[in-house]
There are 2 protein chains.
Amino acid sequence: MTPQPRPVGRPGASLRLVETSLDEPPLSRQERKERTRQALLNAALAQLEDRSFGAMSLREVSKAAGITPTAFYRHFDSMEELGLVLVDDSFASLRELMRAGRSEVAEPGDDIRTSAAILVRHVQEHRLHYRFIARERSGGIASLRAGIAREIHSFSSELVGDLRRYPVLGELDTPSLDMIASLFVTVMVATAERLLDAPEAEGEIRARTEDQMRIIVLGATQWHRV
Amino acid sequence: MTPQPRPVGRPGASLRLVETSLDEPPLSRQERKERTRQALLNAALAQLEDRSFGAMSLREVSKAAGITPTAFYRHFDSMEELGLVLVDDSFASLRELMRAGRSEVAEPGDDIRTSAAILVRHVQEHRLHYRFIARERSGGIASLRAGIAREIHSFSSELVGDLRRYPVLGELDTPSLDMIASLFVTVMVATAERLLDAPEAEGEIRARTEDQMRIIVLGATQWHRV
DNA sequence: GTGTTCGGTGAACGGCTGTGCACAAACGTA
DNA sequence: TACGTTTGTGCACAGCCGTTCACCGAACAC
């Protein structure tokens, strides 16, 4: 069976992907490249809505980004490399969350409420990134899993520093603080996952997260290592 | 390009897949069917070691099970149906864990230690099932995610019943118990995931899980709803 | 002993996959 | 203005994908 030649336009016909409005200045080559690079990342992120990263195809992502599969290689060596960039981007967004959490001056005793609120809001505002992390945290591709695990671990370490500044908790020894921080992170991850599955239940989820964090703090203040 | 005919054996040549030893009685048709069905399930479970379910192919699973892709349909309508059976099987194994937990008569005050031990042992002994659940809990295929969520929820409900039988916790109201049970489940899931990633760190992981459960119990005994 | 049921087979299909290649047009620079 | 670099193009290839089909032989029911 010979593949019949399809009627096509001449090769290299239209290079201009994005219509620039008439009065805007034409984009530089760098800017155009960055633009399609972002288009690829966004396309991949969008596809992750209903399939896992490992089940995604280079061709589909390229098509969704508006370029041919061959042009994909002008930006990434492979889908895996794109995935690693996605991990970085996602956690950049998470670090932003932490900064917000630290700067937001909480009423004393109200820290938990504001922490939960910040977390919930941030997840809702970065659904695609969080979905990606949630999917690939236990997903099929080893390098992504490793990258995500590393980032979460570093997040947990920063949290230890934060906890140390609190009146009662600050007196605990480092292993205990590690253990408690990891418990907090576990709750936060679970909250994010629940929120992704049921965004409309935001209220309940936030309330439950607050209570669970309070339980932990309550337990932690009673904690003394043997 | 015409596909060239490959040299092959006659159709329907060898129907006997499994070599039966000489003195064993020949297997009945039902037994043979059940056997290849299990081979398919095991093959799928094994493939999940390094790819997600959505990235798995019917052909590969069939080949790994020792049958042709066509024969797959004698057992399942689709890969998705196979996946749902896998969910059921995995949670059957989990319910077994709960039964073990209840029957194991714990020294009073030692419940947490034995609970953690049972969990850790069970995960180690059913790695493939737990890996599957961990992967697909946030994975790409909606029906699997839904099935897993349902089972975990029911697990959490049973745990509420257990908690109610404890001296101090039993006095808490139902919403509080729900919240605390879900916190326990969250910790258990996180423990299982950590264990899958680093089976050799079993000791540390178990110790940390015990401590985190103690924190929760400590906090829960101080808990009183507004 | 005879006919039926059923778990298997291999060939074939149309479609999608990643990747290599040669080429073109726009951009940037001398 | 001329020239090289860069970012895109289309075509081609070989390989895997799910699924349909007709067929086969062992196991079963009578």
Side-chain angles (χ1 to χ4, degrees), chain A residues 1-20 25-40 44 47 51 53-83, chain B residues 1-20 25-40 44 47 51 53-83:
Chain A
M1 172 200 36
T2 44
Q4 77 286 13
R6 285 174 270 155
V8 280
R10 292 182 302 102
S14 145
L15 208 52
R16 176 148 270 145
L17 289 174
V18 185
E19 294 299 326
T20 53
L27 295 160
S28 79
R29 197 131 75 175
Q30 286 184 49
E31 288 169 322
R32 306 180 129 287
K33 175 155 193 182
E34 181 55 25
R35 197 171 274 217
T36 57
R37 189 186 134 99
Q38 280 303 324
L40 282 169
Q47 303 247 319
R51 37 153 75 61
F53 188 83
M56 251 170 42
S57 85
L58 183 152
R59 282 182 112 106
E60 270 185 316
V61 172
S62 307
K63 181 185 286 188
I67 60 171
T68 52
T70 356
F72 177 95
Y73 294 104
R74 304 291 185 194
H75 303 271
F76 304 99
D77 277 355
S78 62
M79 282 292 289
E80 184 169 341
E81 196 185 286
L82 182 149
Chain B
M1 169 201 34
T2 43
Q4 78 287 12
R6 285 175 270 155
V8 280
R10 292 181 303 104
S14 147
L15 209 52
R16 175 150 270 143
L17 290 173
V18 185
E19 294 298 327
T20 52
L27 295 160
S28 78
R29 197 135 71 179
Q30 286 184 48
E31 288 168 323
R32 306 180 130 287
K33 175 155 192 181
E34 182 55 26
R35 196 171 275 216
T36 58
R37 189 186 135 99
Q38 280 302 325
L40 282 169
Q47 303 247 321
R51 37 154 71 65
F53 188 84
M56 251 170 41
S57 85
L58 183 152
R59 283 181 110 106
E60 270 185 316
V61 172
S62 306
K63 181 185 285 189
I67 59 171
T68 53
T70 340
F72 177 96
Y73 294 103
R74 303 292 185 193
H75 302 271
F76 304 99
D77 277 356
S78 62
M79 282 292 289
E80 185 169 341
E81 195 186 287
L82 182 148

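As a basis for the values below, the full set of heavy atoms in this structure was taken, side chains included, without hydrogen atoms, waters or symmetry mates. Within every chain, numbering begins at 1; the chains are lettered A, B, ... in the order of the sequence lines, protein sequences first and strands thereafter.
In plain terms, the two heavy atoms of B:Lys33 and B:Arg74 that are nearest each other are NZ-O, 3.3 Å. Closest non-hydrogen pair, B:Gly54 versus A:Ala55, comes out as O-CB, 3.8 Å. Of all heavy-atom pairs between A:Phe53 and A:Met79, the closest is CZ-O, 3.1 Å. The nearest pair of heavy atoms linking A:Ser62 to A:Leu40 is CA-CD2, 4.1 Å. Of all non-hydrogen atoms in B:Ala44 and B:Met56, the two that sit nearest each other are O-SD, 3.7 Å.
For A:Lys63 and C:dG15, the NZ to C1' distance is 11 Å, given to the nearest whole Å. The distance between atom CZ of B:Arg32 and atom C1' of C:dT5, rounded to the nearest whole Å, is 15 Å. Atom CG of A:Leu40 and atom P of D:dT7 are 13 Å apart (whole Å). For B:Ile67 and C:dG10, the CD1 to C1' distance is 14 Å, given to the nearest whole Å. The separation between A:Arg35 atom CZ and C:dC27 atom P is 13 Å, rounded to whole Å. Residue A:Phe72 contributes atom CZ, which lies 12 Å from atom C1' of C:dT19 at whole-angstrom precision. One interatomic measurement links the two molecules: CD of B:Gln38 to C1' of C:dG7, which rounds to 16 Å at whole-angstrom precision. Spacing between atom CD of A:Glu34 and atom P of D:dT6 amounts to 17 Å, rounded to whole angstrom units.
Closest contact between the side chain of A:Arg74 and the listed nucleotides C:dG10, C:dG8, D:dG8 involves D:dG8. For B:Thr68, the listed nucleotide lying nearest its side chain is C:dG10; candidates were C:dG10, D:dT7, D:dG8.
Atom-to-atom distance recorded for A:Ser28:OG and A:Glu34:CD is 10.5 Å, nearest 0.5 angstrom. Expressed to the nearest 0.5 Å, how far CZ of A:Arg59 lies from CZ of A:Phe72 amounts to 12.5 Å. How far CG of A:Leu82 is from CG of A:Leu58: 9.0 Å, rounded to the nearest 0.5 Å.
Interface remark: the A:Thr70 side chain does not form any donor-acceptor pair with the D:dG8 base, using a distance-only criterion of under 3.5 Å.
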For nucleotides 28-30 of chain C, which of its nitrogen or oxygen atoms have a protein nitrogen or oxygen under 3.5 Å away, and what is each distance?
{"residue": "C:dG28", "atom": "OP1", "partner": "A:Arg29", "partner atom": "N", "Å": "3.1"}

For nucleotides 15-18 of chain D, tabulate all protein N/O to nucleotide N/O atom pairs closer than 3.5 Å, reporting atom names and distance.
{"residue": "D:dC17", "atom": "OP1", "partner": "B:Ser57", "partner atom": "OG", "Å": "2.6"}
{"residue": "D:dG18", "atom": "OP1", "partner": "B:Leu58", "partner atom": "N", "Å": "2.6"}
{"residue": "D:dG18", "atom": "OP2", "partner": "B:Leu58", "partner atom": "N", "Å": "3.3"}
{"residue": "D:dG18", "atom": "OP2", "partner": "B:Arg59", "partner atom": "N", "Å": "2.9"}
{"residue": "D:dG18", "atom": "N7", "partner": "B:Arg59", "partner atom": "NH1", "Å": "2.3"}
{"residue": "D:dG18", "atom": "O6", "partner": "B:Arg59", "partner atom": "NH1", "Å": "2.8"}

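Here B:Ser78 lies out of heavy-atom contact (under 4.0 Å) with every strand.
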